[in-house]
Amino acid sequence: MNNNLKFITGLTPTKLSVNTAAQKNASHVLDTTELPTTRTEAWKYTRVAKIGKIDFKNEASTVTSIDDKKVIDSPHTLVFVNGRFSKELSADTFPAGVSVKPLSTLDGISTQEEFEGDIFGALNLAYLNDGLHITIEKKAVVEEPIQVIHILKGEAQLSNFKVQIDAEDFSKATVVQGFFSDDASNSFVNYTSDIQVGVNTHFTIEKIQDEEAGNFHIGTDSVSQGKDSTFTINTITLNGSLVRNNLNIDVIGENCTTNLNCGYLLKEKQHVDNHTVVDHRVPNCNSNELYKGVMDENSTAVFNGKVFVRQDAQKINAFQSNRNVLLSDNATVNSKPELEIYADDVKCSHGSTTGQLDDDAIYYLRARGLSKSAAVQLLVSAFIAEVIAEVGNEDVKTYIYKRLNERFGWDINPEDFG
Amino acid sequence: MITIKNLHANIEDKAILKGLNLEVKAGEVHAIMGPNGAGKSTLASILAGKEDYEITEGSVSFDGEDLLEMETEDRAREGLFLAFQYPVEIPGVSNINFLRTAINEKREHLGEDPISAKDFMALVREKSKLVELDAKLASRSVNEGFSGGEKKRNEIFQMAMLEPKLAILDETDSGLDIDALRIVANGVNTLKSDNNATIVITHYQRLLDYIVPDFVHVLYDGRIVKSGPKELALELEEKGYDWIKEELVEA
């Protein structure tokens, strides 16, 4: 179909009933666009050329159990393997006020129609394998989290996966997302979401990214917030060779709160790129963005955070902070916090710091009898605890600490850090 | 307890210590005084194990062991404690948690079982009272947002928790008002026993009204140039250091 993107020629187009206008636009983008290079501003520090060299397939696969591929024990868990819904491994009952439908069971999937040159968004739609539509009904208060697990499996598989969430007015719910892989290599999950947060609604996402090294993850969450709503997303990136997260928040109602927290703990040659956009279009809103990273060995982190405050959006409090600790001389950070403010009565700040652990603090702790590694662990834990403390679900926290122990040997007592 | 022989040390090729000798026995309190730049803090840092210095000559024996061959943390575990002149602020790390880790690492080193949570908390209560350190401060982040006096009291609190054999107080009195000084001195005096020893490094004689030394040494230009009983401190207070310099020139 096109000559630019050879890596997708082996893929089977989507069989889902995506609306035709969107499908047409997606095809057009794929026909006329090339993979971004580092000359593309939005991809300046993240090379995706490697993806373009792989002959991907989008084949179905199965896993027998999710015992070690889940974030929490939840009776409300939905499982997708290579983008396809796994009925066998998924729950069929959900808390009152929650309805869940695989996209493959829907007669029509409504979605954005314009891609503005976003090749991965277009790819996701044109080759969409499956996904999920979750509705939190009006006024439903759902205490137990819904867990959505995606497992990437096999060699050179491309999974196009989408989650749609409609959190209706006055509702409250949490979705835990876990991205895993099972014996996968050179595989790629290309994920998108459309999230509508209704009036006076509290909606939270706890996202864990834990695919094996050697795989790729590109994801775009698109969120729109109605008035008086609170949206929180806590993203913890633990593994994966190339991870790119785009987080686009449209704050279209007044008196909203937006919390974006993210921790990335990297080693080996991991590359993690977080691009966020918070668009304040209306007055009287708060946004808090805290991105913290710990980079060891040859890892790289990229942060590009944009906050727009439109001309009529007065009385906005927008705070953005990106802080990084490098544990190795070979780790790299590219950080670019940006504020674009067109209103005149706002309180906004942004900041970015990157440094090594404080040698004086390490010496001080050693002079009290702590080994060097215990001192480093204590300082790193204290640094990253600020982000993990924002995770609302205790079981999710437990998972994070368990994995930090497995990957870095940090035996952190969560009680010490709250 | 500790024997320092002919210690020479450089920092970036500049000689700071130039043949320092000192012997401290169990049960003794030694004061080291001297003008700025004499090498007082350098001595404290070298004994604690700070890595910025190059030892070019001499030896330090701590309880019969070669101190200079030991890692910083092993010196602490063997019972050496430095009360820092400038205690480091460590955001996010609570005093209590780090002290529990420190105590347990020391116990493990000595082949003992970890301290129980109950015993630990009892110890915290007892020792924080000793230096009149608010229990809330004890559980806050290490030194973060502490006043100067609180930081120094926290050092003595940590010392009380770790029960060292040899405590080195590096200008613990500088910047303290008289009330804080009394509290700190009272803490040090209470912890004193026949089995431990203290080296008090100070600029001012005033501290020695409260922590009474058995010996006073004058450190000047990288060496101990004069030693005497506690009255020597008063003489230094009265006459300054110039007469010592003159004596040295004459000799």
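Computed from a prediction, not measured in an experiment: that's the story for all the values here. The sequence lines fix the lettering, A, B, ..., with proteins before strands; numbering per chain opens at 1.
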> Once you round to the nearest 0.5 Å, how far does OG1 of T72(B) lie from CD1 of I362(A)?
Replying inline: 11.5 Å

> Are there more than 12 heavy atoms of other residues, nucleotides or ligands under 6.0 Å from atom CD of E108(B)?
Replying inline: no

>> Less than 4.5 Å to any heavy atom of chain A: does that hold for the side chain of N143(B), its backbone, both, or neither?
In response: side chain

>> For chain A, which candidate among R75(B), M161(B), Q158(B) shows the most heavy-atom pairs at distances under 4.5 Å?
In response: Q158(B)

> When rounded to the nearest 0.5 angstrom, what is the spacing between CD in E89(B) and CG in D358(A)?
Replying inline: 10.5 Å

> Do other residues, nucleotides or ligands put more than 12 heavy atoms under 6.0 Å from K267(A) NZ?
Replying inline: yes

> Between S45(B) and Y363(A), which heavy-atom pair has the shortest distance, and what is it?
Replying inline: O-OH, 3.8 Å

>> Measuring from atom CG of L365(A) to atom CD1 of I90(B), what distance do you get when rounded to the nearest 0.5 angstrom?
In response: 4.0 Å

>> Nearest 0.5 angstrom please: R77(B) CZ to R366(A) CZ, how far?
In response: 9.5 Å

> Just wondering, are more than 12 heavy atoms of other shown residues or ligands nearer than 6.0 Å to CG in D329(A)?
Replying inline: no

>> Which heavy atom of L162(B) sits nearest to which heavy atom of R368(A), and what is that distance?
In response: CD1-CD, 3.8 Å

> Which bit of E78(B) comes within less than 4.5 Å of chain A, counting heavy atoms only: side chain, backbone, both or neither?
Replying inline: neither

>> Closer than 4.0 angstrom, basic N to acidic O: yes or no for D359(A) and K50(B)?
In response: no

> So which part of K106(B) gets closer than 4.5 Å to some heavy atom of chain A, the side chain, the backbone, both or neither?
Replying inline: neither

> Of all heavy-atom pairs between G369(A) and A76(B), which one has the smallest distance, and what is that distance?
Replying inline: N-CB, 3.4 Å

> Which value, rounded to the nearest 0.5 Å, describes the distance between F98(B) atom CZ and L378(A) atom CG?
Replying inline: 8.5 Å

> Which atom pair, heavy atoms only, marks the closest approach of V93(B) to A382(A)?
Replying inline: CG2-CB, 3.6 Å

>> Rounded at 0.5 Å granularity, tell me how far OG in S373(A) sits from CD in E73(B).
In response: 8.5 Å

> So which part of P91(B) gets closer than 4.5 Å to some heavy atom of chain A, the side chain, the backbone, both or neither?
Replying inline: backbone

> If you draw a 6.0 Å radius around CD in E12(B), do more than 12 non-hydrogen atoms from other residues or ligands fall strictly inside?
Replying inline: no

> Is there side-chain contact between H109(B) and S371(A), with heavy atoms separated by less than 4.5 Å?
Replying inline: no

> Are Y364(A) and Y86(B) close enough that their ring centres sit under 6.0 Å apart?
Replying inline: no

